[in-house]
> 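Take this structure, written in C-alpha cells, and hold onto it; I'll ask about it next.
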Amino acid sequence: MRLARRANVLLPLAIGLVGSVVLALALIRSADTVPACEAVTPAAADFEAAPFAFDPEERARTFVEAMADDDYETAYGMLALEQLGRGGLCEVGLEGFWLVVAANHPDLIAIETFSPLAYDASSDHLRVVLRLTMSGNGQALESRRDAYTAINLTPDGRIGWFSYLSILTDLGPAPESPPPPYVPPEAFDEFRVTFGKAPWELAGTLTMPKGQGPFPAVVIIGPGGGFAGESPNRWDRDMAQGLATHGVASLRFAERSVTHALSAARQPMFTLAEEYVDDALAAIGRLRLTPRVDPARVYLLGISVASFAMPSVASLDPDLAGLVLISPSSGYVWDSAWRMQQEHAKVDRTVSESEQHSIEVLKARAAAIEAAAKEDGDPKELGVRIAYHLDLASYRPENVARYLPIPMFVIIGDRVGVSPIEDHEAWLSSLRRRGDAAFRAYKGHVHGLFDVTKLRPPALRSVGHVDEEVMIDIAAWIDGDWPELSCDEVEHWYAGCHGG
C-alpha cells in the first residue's frame with residue numbers, strides 16, 4: 001500500500017498548537033472538500049457478532065492509510081455516521097481533514113502504535129492512539145514531524161470518533177514529565193506489586209514513606225481509559241510521591257480497561273463494577289495488608305470520572321477511612337461526554353460552530369442512551385451495549401455519597417477545561433449539611449490541579465506538576481488538621497472549609 005502522498009492544496013494549520021482538539025471531524029471548513037454526503041451510508045462493516053472481534057490497531061491503521069492514499073471511499077465506509085453526526089461530516093469531509101494534517105508535511109512515512117489500548121465503557125469505544133511520522137520530502141530527517149491521532153472504534157469495527165492529540169509542530173513528541181521538584185527521592189521507597197484475581201490481575205506501584213510507620217495510606221485511581229496517553233504529565237505519580245513526603249503511603253495502578261483493554265472490551269457484560277469498583281476494592285485490600293500501613297486509615301483518592309465510582313466502592317467497604325474526590329463528576333454517566341466537551345470548548349472563551357455541532361451530537365446521543373437505559377428506546381440503533389448504562393440508570397454519585405458514614409474531601413480547580421462548575425455545585429449541595437465533608441478550591445488551577453499560570457501553551461504538551469499545596473492539604477486533612485470555616489462564603493472555598 002502506498003503511504004507517501006503529496007497534497008496539491010496546502011491549507012493553514014487552523015488549529016495551530018492547540019493541545020487536545022476533541023472534535024468529531026470538524027477541524028476546518030473548506031468549500032472544495034465537501035463530500036457527496038448523500039452517498040455515504042451508516043451501514044456497519046461485515047464483522048462478527050461478538051464485540052470487537054477484530055484487530056483494533058490494524059483497523060485504525062487501515063483508516064489512516066486510506067486517507068493517506070486518497071482512498072476516501074474506503075475511509076467513509078468505515079465511519080459510524082450515527083455517532084459522528086452527518087452535518088459536521090458534510091460540512092468538512094475527510095478530504096479537508098486530511099489536508100489539514102498534511103498541510104506542511106504531506107508525506108506519511110510510517111504509522112506506529114503510540115500508547116496502550118484503552119476501553120471506555122461509557123461510550124463503548126476502544127481507543128487506539130497512533131503516531132504518524134511525516135515529512136516534507138521523505139528524505140531530510142530534520143524535516144520530519146510527528147502527529148498523534150486517537151481513533152475510537154465501535155464494537156463492530158467502525159470509526160466512532162477521532163481527534164488529534166498533537167498537531168504537526170516543531171516541538172517533536174511531547175516529553176515525559178520528570179519527577180516533581182518538590183519531592184526529595186530519599187523521602188520514600190517505591191515497589192512494584194500485583195493484586196487482583198485471574199484473569200484480571202493488575203500491577204501497581206506502592207509508594208512508602210521512609211520510617212517505621214504505621215502510615216495512613218490512599219489508593220489512587222485515575223481518570224479512566226478514555227484519557228490514556230493524552231499528556232506527558234503524571235498526576236498520579238506526583239500525587240503519590242508528594243503525599244509520601246508528608247507521611248502518607250499510596251498504591252496507584254492502571255485499571256483493567258487499560259491493562260486488559262481488549263479483553264475488557266470483549267466482555268458481553270461490562271459495568272461500573274468491572275470498570276472500577278472490583279479493582280479498587282482489591283487495591284484497598286492489598287494496601288491494608290502492607291507492612292507499615294495502618295489498616296484502619298486507608299482512604300480512596302480519585303480524579304475526574306474515576307470519582308464517579310468512588311461512592312459505589314465506599315458503599316461496599318464499611319472500613320474505608322474516607323474519600324478524597326478531585327474534580328469529581330456528578331449527574332448521570334451518559335451526560336459526561338457532552339458536558340466535558342462543552343467545558344473544553346470554553347477554554348478559549350469562544351464556542352465555535354463546529355464545536356457546538358460536536359456538543360449537539362453528543363447531547364443527542366446521551367438522550368438516546370438515557371431513553372434506552374430507561375427502556376424507552378432501542379439500544380441496537382445506538383451501536384452501544386446497554387448493560388453498562390442499565391446498571392447506572394438511577395445512580396448519581398453525589399446522591400450516594402450523601403449517605404456514606406465516612407469523611408469526604410472535595411477538591412477542585414477554578415479554571416474551566418474539563419469538569420463543569422455544575423459538578424462542583426452539585427457536590428457542595430449534596431454534602432453541605434455534613435460537618436465531616438471538607439472542601440477546597442485552588443485559584444488558577446485546572447482539572448488535574450496543575451497551576452496553569454506556571455505552564456506554557458499548548459497546555460497538553462506542557463510539562464508540569466500537581467501543585468505541592470494540594471498534597472500538603474490532603475495530608476493535613478487526613479491528620480485532622482483542617483480550617484473551621486464553613487462553606488457559606490465563596491472565599492472560604494479558597495482557604496479550605498467544611499459543610500455542616
Side-chain angles (χ1 to χ4, degrees), residues 182 216 218 220 235 238-239 242-243 245-248 297 299-304 306-308 310-311 314 320-331 339-340 343 346-347 396-455 464-500:
Y182 49 75
V218 297
I220 299 174
W235 80 268
D238 292 358
M239 191 71 65
L243 286 172
T245 65
H246 297 283
V248 180
R297 291 198 295 164
Y299 297 77
L300 183 60
L301 181 153
I303 185 173
S304 187
S307 63
F308 198 89
M310 289 170 60
L320 196 63
L323 300 179
V324 181
L325 303 111
I326 299 174
S327 302
S329 299
S330 70
R339 293 173 71 230
M340 291 170 67
E343 201 68 16
K346 295 177 184 176
V347 171
R396 295 185 62 147
E398 70 275 21
N399 291 345
V400 175
R402 181 185 306 163
Y403 302 103
L404 293 174
I406 56 173
M408 281 168 275
F409 186 16
V410 178
I411 303 173
I412 64 169
D414 70 352
R415 292 290 292 268
V416 298
V418 178
S419 183
I421 191 64
E422 291 82 6
D423 281 356
H424 311 151
E425 293 172 347
W427 280 94
L428 175 61
S429 176
S430 188
L431 302 178
R432 69 185 316 144
R433 298 188 183 280
R434 292 189 47 164
D436 60 351
F439 300 86
R440 173 73 202 271
Y442 296 86
K443 190 175 294 292
H445 287 56
V446 291
H447 193 64
L449 298 183
F450 292 80
D451 186 347
V452 294
T453 64
K454 299 176 183 177
L455 297 179
H465 299 285
V466 178
D467 198 308
E468 183 180 13
E469 189 177 2
V470 176
M471 274 72 76
I472 294 173
D473 282 345
I474 293 173
W477 176 77
I478 288 174
D479 286 340
D481 181 15
W482 195 246
E484 292 299 320
L485 297 170
S486 70
C487 293
D488 295 334
E489 304 292 336
V490 173
E491 54 267 26
H492 292 177
W493 274 71
Y494 293 99
C497 58
H498 62 79

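Computation of the quantities below employed the complete heavy-atom set of this structure, encompassing side-chain atoms and omitting hydrogens, waters and symmetry-equivalent molecules.
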> Got a second to check how far Met408's CE is from Ser307's OG, nearest 0.5 Å?
12.5 Å
> With a 6.0 Å cut-off (strictly less than), is the heavy-atom count around CD of Glu491, excluding the residue itself, greater than 12?
yes
> Report the C-alpha distance between Trp235 and Ile220 in whole Å, list the side-chain angles of each, state the deciding distance to 0.1 Å, and finish with yes or no for side chain to side chain contact (heavy atoms under 4.5 Å, CB included).
CA-CA 10 Å; Trp235 80 268; Ile220 299 174; 3.8 Å; yes
> Applying ring-ring contact (aromatic ring centres under 6.0 Å, His included), can you list everything that pairs with Phe409, at least two apart in sequence or on another chain?
Trp477, Trp482
> Does any part of the side chain of Tyr299, heavy atoms only, come nearer than 4.5 Å to the side chain of Leu323, both counted from C-beta?
no
> Considering residues at least two apart in sequence or located in another chain, which fulfil the side-chain hydrogen bond (donor to acceptor under 3.5 Å, both in side chains) criterion with Ser429?
none
> Quick check: closest heavy atoms across Pro311 and Pro397, and the distance to 0.1 Å?
CG-O, 3.4 Å
> Kindly determine whether Tyr442 and Val470 satisfy side chain to side chain contact (heavy atoms under 4.5 Å, CB included), including the steps that lead there.
CA-CA 9 Å; Tyr442 296 86; Val470 176; 4.0 Å; yes
> Is the closest side-chain heavy-atom distance between Ser486 and Cys497 below 4.5 Å?
no
> With sequence neighbours excluded, give me every salt bridge (Lys or Arg N to Asp or Glu O under 4.0 Å) pair touching residues 430-439.
Arg434-Asp436
> Taking only residues two or more places apart in sequence or in another chain, which ones pass side-chain hydrogen bond (donor to acceptor under 3.5 Å, both in side chains) with Arg402?
Asn399, Ser430
> To check you understand the geometry: which heavy-atom pair defines the closest contact between Ala495 and Leu485, and what is its length?
CB-CD1, 3.8 Å
> Could you grab the distance from atom CZ of Phe308 to atom CZ of Arg396, nearest 0.5 Å is fine?
9.0 Å
> Should Met471 and Val466 be marked as a side chain to side chain contact (heavy atoms under 4.5 Å, CB included) after you check the CA-CA gap, both sets of side-chain angles, and the distance that decides it?
CA-CA 8 Å; Met471 274 72 76; Val466 178; 4.0 Å; yes
> Give me the atom names and distance for the closest heavy-atom approach of Gly496 to Pro483.
O-CB, 3.5 Å
> If you measure from CE on Met239 to CG on Leu301, what distance do you get to the nearest 0.5 Å?
5.5 Å
> Would you please test His498 and Phe439 for side chain to side chain contact (heavy atoms under 4.5 Å, CB included) and show each step?
CA-CA 6 Å; His498 62 79; Phe439 300 86; 5.7 Å; no
> State which residues pass side chain to side chain contact (heavy atoms under 4.5 Å, CB included) with Ala475; sequence neighbours excluded, sorted by chain then number.
His246, Val248
> Measuring from Ile411:CD1 to Ile474:CD1, what's the distance to the nearest 0.5 Å?
4.0 Å
> With heavy-atom distances below 4.5 Å as the criterion, would you say the side chains of Leu300 and Val324 are in contact?
no
> Roughly how far, to the nearest 0.5 Å, is CG of Asp238 from CD of Glu468?
11.0 Å
> Only pairs at least two apart or in different chains count here, so list each salt bridge (Lys or Arg N to Asp or Glu O under 4.0 Å) that has a residue in residues 473-482.
Arg440-Asp473
